[in-house]
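Everything numeric here is computed off the predicted structure, so don't read it as measured data. Each chain gets a letter, A, B and so on, in the order its sequence line appears, and its residues count up from 1.
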Amino acid sequence: MYERWVDAGYFTADAESDKPPFCIVIPPPNVTGSLHIGHAFEHTLIDIMCRRKRMAGFETLWLPGMDHASIAVHALVERALAAEGTSRRELGREKFIERTWEWKAEYGGRILADMRRLGDSVDWTRERFTMDERSNRAVRTIFKRLFDDGLIYRAERMVNWSPEMRSVLSDVEVEHREVEGELVSMRYGDGENAIVVATTRVETMLGDTAVAVHPDDERYTHLVGTEIELPLVGRLIRIVADEHVDPSFGTGAVKVTPAHDPNDFEIGRRHDLPMPTIMDETGKIANTGTEFDGMDRFEARVKVREALAAQGRIVAEKRPYVHSVGHASRGKFEPIEPRLSLQWFVKVAPLAKAAGDAVRSGDVTVHPKELEPRWFSWVDNMHDWCISRQLWWGHRIPVWYSPEGTAVCLGPDEQPPAGYTQDEDVLDTWFSSGLWPFSTLGWPEKTPDLAKFYPTSVLHTGYDILFFWVARMMMFGLYAMDEKPFDTISLHGMVRDQHGKKMSKTVGNTVDPNVWMDEFGTDAVRFALARVANPGTDAPIGDDNVLAARNFGTKLWNVTRFAMTSGASPALPLPSSPTDADAWILGRLREVRDQVDALLEDFQFAKATEALYHFTWDEFCAWYVELAKPQLADETTADGTRAVLGHVLDALLRLLHPISPFITEALWQALTGGESIVVAEWPVAPGADVDVAAARRVTDAQKLITEIRRFRTEQRVPDSRRVPARLVGLDAAGLGAHLESVVALNRLEAAAAGFAPTATLEVALAAGTVQVELDTSDAIDVPAERARLGRDLAAAQKELDQADKKLGNPKFVDKAPADIVDGIRARRAAAEADIERINSRLAALPS
RNA sequence: GGGCGCGUAGCUCAGCGGAAGAGCACUCGGCUUACACCCGAGCGGUCGCAGGUUCGAACCCUGCCGCGCCCACCA
């Protein structure tokens with residue numbers, strides 16, 4: 001239930017300075033005993049950014065944060081105490097906190113161990129930031145400053161109360177959920193004065209001090225200003241007229257419980273109504289002077305209704321009545337109770353406006369931008385923030401009271417006068433968390449770290465934490481530092497199960513990254529997570545994803561092994577006259593490098609990962625390595641091939657390193673003899689241009705090879721059989737140099753004397769048609785060949801029809817760009833040639 | 001009630017104005033000296049529905065239908 005307490009991190013980069021970017025990351029804590037998948041997700045993404053930046057020459061730094069973990073540990077401790085049959089109240093504040101520190105030390109170590117297992121790029125140069133002296137100083141400093149500026153005040157307000165935690169919660173900590181409740185209509189007063197009101201919380205009627213109607217509602221005009229007796233309690237309550245009431249809803253009359261409903265509280269203020277509190281801090285009815293005192297609120301809801309029914313006052317009951325109820329997002333997800341209470345608040349309006357303006361002006365960017373409206377709707381409509389908590393773990397409110405009740409707010413270096421006692425409440429964890437970007441750097445002292453690292457460049461976190469944490473950092477950063485805390489807010493989504501469903505313990509579809517790490521390896525988990533990480537979008541992931549990622553790692557391992565046993569080395573000089581395959585793969589490497597760089601810079605982890613996956617598997621392994629085999633057997637190209645293999649693999653491993661650090665480290669060290677890939681350079685674009693002609697020839701060779709494979713499969717020629725073949729027109733198509741590859745990849749052999757082909761293929765390529773004569777040693781399977789050619793014919797015919805349709809449209813020829821029209825014409829011509837060729841083949845087949 | 005987003009191959013998702021894609025699943029064939037955690041070949045989609053804009057729409061606009069998330073003090 002605390003699983004998503006905090007998961008956040010940010011890294012900073014300053015492109016201006018000499019050693020520009022560096023990173024700060026807050027390792028996400030977790031309360032479930034070990035790493036949570038959401039944390040693994042976020043951690044992985046941040047680590048990818050950090051590693052890449054570091055390889056590109058940026059200074060990196062992690063700043064492990066235990067601040068949030070403290071709160072999480074607090075919950076763990078409570079749970080442990082409950083298991084021991086005791087409670088924090090029995091234990092007492094001092095002992096409880098002492099106990100918590102022990103847990104924190106142990107638990108914090110565990111979190112860090114988990115992080116290391118995930119392969120984080122941490123420099124353990126910074127002491128942990130905990131609820132220590134430094135963070136206390138920061139909190140007290142900003143509290144005092146806000147207090148002196150009149151931005152912190154104490155007031156009796158309607159707050160969200162959690163009877164379970166016996167504490168107040170802020171608005172964001174309340175989750176509204178549709179529940180099936182009841183709507184009970186009841187009659188107050190009798191005869192002429194009778195008035196019917198409805199409620200979903202019957203027990204609150206014990207605290208009613210008025211009934212409100214709309215001023216223009218003629219049904220009740222005669223009653224306004226009169227008094228009526230409150231059933232069960234016997235108190236006289238007023239009938240007031242208030243604009244807030246909607247005359248068209250229900251009876252048009254509303255019961256008013258000022259101390260237990262936000263709307264009623266406002267009505268109470270407008271009409272100067274008494275505001276009796278009828279519930280204690282545990283949610284039990286109290287001080288009503290009725291038989292219901294001491295009952296739990298839910299029990300009272302039933303009993304009060306029964307008592308009213310006994311008096312014949314229940315007019316109607318609607319059940320189930322679906323309505324929205326606020327629940328405590330922490331703890332046991334119990335319904336929160338609106339309650340009048342004396343609490344500390346931050347006057348948010350000026351702070352929030354600055355936070356909104358920072359994004360509006362473009363000074364701070366939200367990525368992806370679809371989430372901007374969410375930011376504005378929050379920041380522009382924020383209510384004052386209740387910051388006091390009746391918990392024991394946290395920074396205490398730095399306010400002291402004299403015996404007479406005089407309050408004084410003290411800064412970090414001030415001592416309270418004798419006899420003063422400190423406020424018992426602690427601050428909302430997000431209050432101190434909001435200081436993170438600068439308090440961890442030594443603020444309020446003007447430290448070199450602060451000067452160097454503030455403001456940061458990027459904050460990366462889940463969108464679920466936008467309001468809790470990001471908004472607070474923005475407000476406090478702008479207020480305390482007079483400068484935004486970061487340039488860019490980069491948001492990722494939530495990890496979902498393989499069907500895109502929300503992970504939930506009750507559904508049982510949660511996954512434990514530790515189990516995955518044990519089963520598939522850490523790199524596989526990271527790769528799988530990165531591969532589904534689209535900005536701001538939820539990420540579905542299951543065993544299959546991790547399995548595929550594991551297989552990818554194995555593939556990488558195997559291809560490196562092949563390259564090394566072939567003598568590949570990045571230290572060898574690249575060939576001065578590369579083969580087509582060499583030129584092609586080097587060109588592709590360059591393109592992929594540029595693509596990956598741009599994608600990662602734009603937080604497109606999934607696309608960058610996908611690009612690397614395809615390049616590695618489908619281009620490098622599936623084609624280049626196969627084309628390289630004959631090159632390695634040829635003395636004239638062998639050395640150059642070893643160099644290209646080594647060069648491409650070296651760069652590829654470095655490109656993959658941020659995503660899968662462990663395997664790339666092992667392979668890269670073996671391949672290059674380098675000290676560590678962690679400190680290797682991020683690949684830079686080579687100077688040479690992409691060789692377009694060579695690339696086209698490789699594409700042709702691929703097509704030729706694929707067509708022959710198709711034929712073999714269709715004809716059920718066993719893969720093991722070498723097929724004598726003669727290729728006609730290869731030189732004319734510019735593919736003379738590829739003969740070896742075509743022969744090797746299709747398991748062909750040179751035509752011997754007396755070669756008598758049993759079949760002939762014609763493959764149309766960019767630079768001409770190649771005839772492939774094959775001796776399959778059997779009569780060919782005519783129906784199969786007919787079917788194959790028939791499919792090709794249908795495809796060509798469809799192509800021709802589409803082209804004809806377009807070209808037959810004068811408007812298309814007239815208005816479409818010339819290159820598009822030319823392209824269609826070329827396709828039409830090719831399709832026509834294909835049809836002619838295929839038809840002649842079909843005609844030549846024995847019947 | 002407001003805001004954002006999504007409905008594309010059996011599943012999860014890319015593509016967002018000029019030839020329908022990937023992973024997994026499925027079918028068929030393979031122990032080809034890196035790899036069976038593999039290789040090769042395939043099957044599979046009127047891109048939610050209806051209009052509109054355009055020479056051209058999965059992609060832009062409008063309206064519906066279904067779904068998700070966030071925000072919101074209606075008893």
Side-chain angles (χ1 to χ4, degrees), chain A residues 158 172 176 183 185 197-201 204 212 244-246 249-257 261-266 323-324 326 338 370-374 376-378 381 383 463-464 466-467 493-494 496-500 502 520 524 531-532 534 536-545 547-566 606-607 610 613-614 618 621-622 625-626 629 706 709-714 716-720 722 744-747 791 798-799 802-803 806 809-817 819-821 823-824 827:
Chain A
M158 187 61 56
V172 275
H176 286 85
L183 182 66
S185 298
V197 294
T199 180
T200 54
R201 297 187 297 150
T204 60
H244 165 76
V245 180
D246 176 2
F249 185 92
T251 59
V254 186
K255 63 189 274 303
V256 181
T257 320
D261 183 278
N263 289 318
D264 295 4
F265 175 69
E266 294 304 323
H323 64 296
S324 179
E370 291 81 31
L371 290 168
E372 260 188 19
R374 233 183 244 204
F376 291 131
S377 75
W378 168 254
N381 301 303
H383 295 338
Y463 63 66
D464 61 330
L466 194 58
F467 307 141
M494 304 296 109
R496 303 298 197 98
D497 76 3
Q498 61 268 46
H499 298 297
K502 205 177 211 165
F520 301 109
R531 204 175 174 194
V532 293
N534 287 302
T537 308
D538 289 346
I541 192 169
D543 283 359
D544 284 349
N545 300 257
L547 187 68
R550 190 272 311 263
N551 293 350
F552 177 78
T554 307
K555 189 74 179 175
L556 201 58
W557 182 275
N558 282 319
V559 77
T560 306
R561 193 171 59 176
F562 166 80
M564 289 181 65
T565 53
S566 304
K607 282 168 193 159
E610 194 68 9
Y613 179 94
H614 282 293
D618 300 336
C621 292
V625 165
E626 294 306 324
K629 284 174 183 173
T706 302
R709 280 174 178 167
R710 254 186 93 202
F711 176 80
R712 286 187 63 131
T713 299
E714 300 281 334
R716 300 190 172 278
V717 177
D719 291 358
S720 52
R722 293 213 168 262
L745 269 62
N746 286 303
R747 300 190 67 70
R791 277 197 300 276
K798 186 181 171 191
E799 178 78 9
Q802 282 182 346
K806 287 200 173 187
N809 180 350
K811 287 181 181 170
F812 170 74
V813 180
D814 196 36
K815 293 196 175 182
D819 57 327
I820 298 293
V821 178
I824 298 288
R827 281 167 53 193

Enquirer: Look at all strands and tell whether A/K255 reaches a base, only sugar-phosphate, or nothing, counting heavy atoms closer than 4.0 Å.
Expert: nothing

Enquirer: Could you check whether any side-chain heavy atom of A/I820 comes within less than 4.5 Å of a side-chain heavy atom of A/F812, counting everything from C-beta outward?
Expert: yes

Enquirer: Identify, between A/F467 and A/E370, the residue whose nearest nucleotide on RNA chain B lies closer to the 5' end.
Expert: A/E370

Enquirer: Name the closest nucleotide to the A/R716 side chain, picking from B/A72, B/G29, B/A34.
Expert: B/G29

Enquirer: Once rounded to the nearest 0.5 Å, what's the spacing between atom CZ of A/R747 and atom CZ of A/R709?
Expert: 11.5 Å

Enquirer: Within this structure, what is the CD-CZ distance for the pair A/E714 and A/R791, rounded to the nearest 0.5 Å?
Expert: 4.5 Å

Enquirer: Can you tell which of B/U12, B/C35, B/G3 lies closest to the side chain of A/E626?
Expert: B/C35

Enquirer: Considering all heavy atoms of both residues, which atom of A/R531 and which atom of A/A548 are nearest to each other, and what is their separation?
Expert: NH1-CB, 4.3 Å

Enquirer: Starting from the 5' end of RNA chain B, give me the residue, A/K798 or A/V197, whose nearest nucleotide shows up first.
Expert: A/K798

Enquirer: Output the single nucleotide from B/A19, B/G18, B/A34 whose closest atom is nearest the side chain of A/V625.
Expert: B/A34

Enquirer: Between A/E610 (CD) and B/G15 (P), how many Å, whole number?
Expert: 11 Å

Enquirer: Have a look at A/H614 and say if it touches a base, only the backbone sugar-phosphate, or nothing, with a 4.0 Å heavy-atom cut-off.
Expert: sugar-phosphate

Enquirer: The side chain of A/R827 lies closest to which of these nucleotides: B/U32, B/G18, B/A19?
Expert: B/A19

Enquirer: From CG of A/N381 over to C1' of B/C70, roughly how many Å is that when rounded to an integer?
Expert: 13 Å

Enquirer: Nearest-Å distance, CG (A/L466) to C1' (B/C71)?
Expert: 12 Å

Enquirer: Expressed as a whole number of angstroms, how long is the span from A/R496:CZ to B/G5:P?
Expert: 17 Å

Enquirer: Within the 4.5 Å heavy-atom criterion, are A/M494 and A/D464 side-chain neighbours or not?
Expert: yes

Enquirer: Tell me what A/T199 touches on the nucleic acid: a base, only sugar-phosphate, or nothing, going by heavy atoms under 4.0 Å.
Expert: sugar-phosphate

Enquirer: Which value, rounded to the nearest 0.5 Å, describes the distance between A/L745 atom CG and A/E626 atom CD?
Expert: 5.5 Å

Enquirer: Counting only side-chain heavy atoms from C-beta out, which of B/U12, B/A22, B/G18 sits nearest to A/H499?
Expert: B/U12

Enquirer: Roughly how far, to the nearest 0.5 Å, is CZ of A/R712 from CG of A/N746?
Expert: 7.0 Å

Enquirer: Rounded to whole angstroms, how far apart are NZ on A/K811 and P on B/C55?
Expert: 6 Å

Enquirer: Do any N or O atoms of the protein come closer than 3.5 Å to N or O atoms of nucleotides 36-44 of chain B, and which pairs are they?
Expert:
{"residue": "B/C37", "atom": "O4'", "partner": "A/N551", "partner atom": "OD1", "Å": "3.2"}
{"residue": "B/C37", "atom": "O2", "partner": "A/R550", "partner atom": "NE", "Å": "2.6"}
{"residue": "B/C37", "atom": "O2", "partner": "A/N551", "partner atom": "OD1", "Å": "3.3"}
{"residue": "B/C37", "atom": "O2", "partner": "A/T554", "partner atom": "OG1", "Å": "2.7"}
{"residue": "B/C38", "atom": "OP1", "partner": "A/N551", "partner atom": "ND2", "Å": "3.1"}
{"residue": "B/C38", "atom": "O3'", "partner": "A/K555", "partner atom": "NZ", "Å": "3.2"}
{"residue": "B/C39", "atom": "OP1", "partner": "A/K555", "partner atom": "NZ", "Å": "2.8"}
{"residue": "B/C39", "atom": "OP1", "partner": "A/W617", "partner atom": "NE1", "Å": "2.6"}
{"residue": "B/G42", "atom": "OP1", "partner": "A/R710", "partner atom": "NE", "Å": "3.0"}

Enquirer: Using the C1' atom in both, what is the distance from B/C69 to B/G30, to the nearest Å?
Expert: 48 Å

Enquirer: Any base atoms under 4.0 Å from A/T565, or only sugar-phosphate, or nothing? Heavy atoms, all strands.
Expert: nothing

Enquirer: Of the nucleotides B/A19, B/U12, B/A22, which has the atom closest to the A/E799 side chain?
Expert: B/A19

Enquirer: Just call it for A/N809: base, sugar-phosphate, or nothing, with non-hydrogen atoms closer than 4.0 Å on any strand.
Expert: sugar-phosphate

Enquirer: A/K629 has a side chain; which of B/G18, B/A22, B/A34 sits nearest to it?
Expert: B/A34

Enquirer: Could you state the atom-to-atom distance from CE of A/M494 to C1' of B/G5 in whole Å?
Expert: 15 Å

Enquirer: Check every strand shown and say whether A/P817 touches a base, only sugar-phosphate, or nothing at a heavy-atom separation below 4.0 Å.
Expert: base

Enquirer: From A/I824 CD1 over to A/E799 CD, what is the distance, rounded to the nearest 0.5 angstrom?
Expert: 7.5 Å

Enquirer: Using the P atoms only, state how far B/G21 lies from B/G5, rounded to an integer number of Å.
Expert: 28 Å

Enquirer: What's A/R561 touching, base or sugar-phosphate or nothing? Going by heavy atoms closer than 4.0 Å.
Expert: sugar-phosphate

Enquirer: So A/R201, base contact, sugar-phosphate only, or nothing? Heavy-atom distance under 4.0 Å.
Expert: nothing

Enquirer: Is the backbone of A/T537 close enough, under 3.5 Å, to the side chain of A/N534 for a donor and an acceptor to pair up by distance?
Expert: no

Enquirer: May I ask you to say what A/V256 touches in the nucleic acid, namely base, sugar-phosphate or nothing, with a heavy-atom cut-off under 4.0 Å?
Expert: nothing

Enquirer: For B/G3 and B/G10, measure between their P atoms and round to the nearest Å.
Expert: 35 Å

Enquirer: Please report, rounded to the nearest Å, how far the P atom of B/G5 is from the CG atom of A/D464.
Expert: 19 Å

Enquirer: Which whole-number value in Å describes the distance from A/E266 CD to B/A72 P?
Expert: 16 Å

Enquirer: Using atom types as modelled and distance alone, determine if a side-chain donor or acceptor of A/R827 lies under 3.5 Å from a backbone N or O of A/A803.
Expert: no

Enquirer: Work out how far the C1' atom of B/U8 is from that of B/G45, and round it to whole angstrom.
Expert: 7 Å

Enquirer: For RNA chain B, what are the stems built from at least three Watson-Crick or G-U pairs in a row, each pair having both distances below 3.5 Å?
Expert: B:1-7 with B:65-71, B:10-13 with B:21-24, B:26-30 with B:38-42, B:48-52 with B:60-64

Enquirer: If we only count heavy atoms from C-beta on, is the A/F562 to A/K629 side-chain gap below 4.5 Å?
Expert: yes

Enquirer: Are A/T204 and A/K255 side-chain neighbours, meaning at least one heavy-atom pair lies under 4.5 Å?
Expert: yes

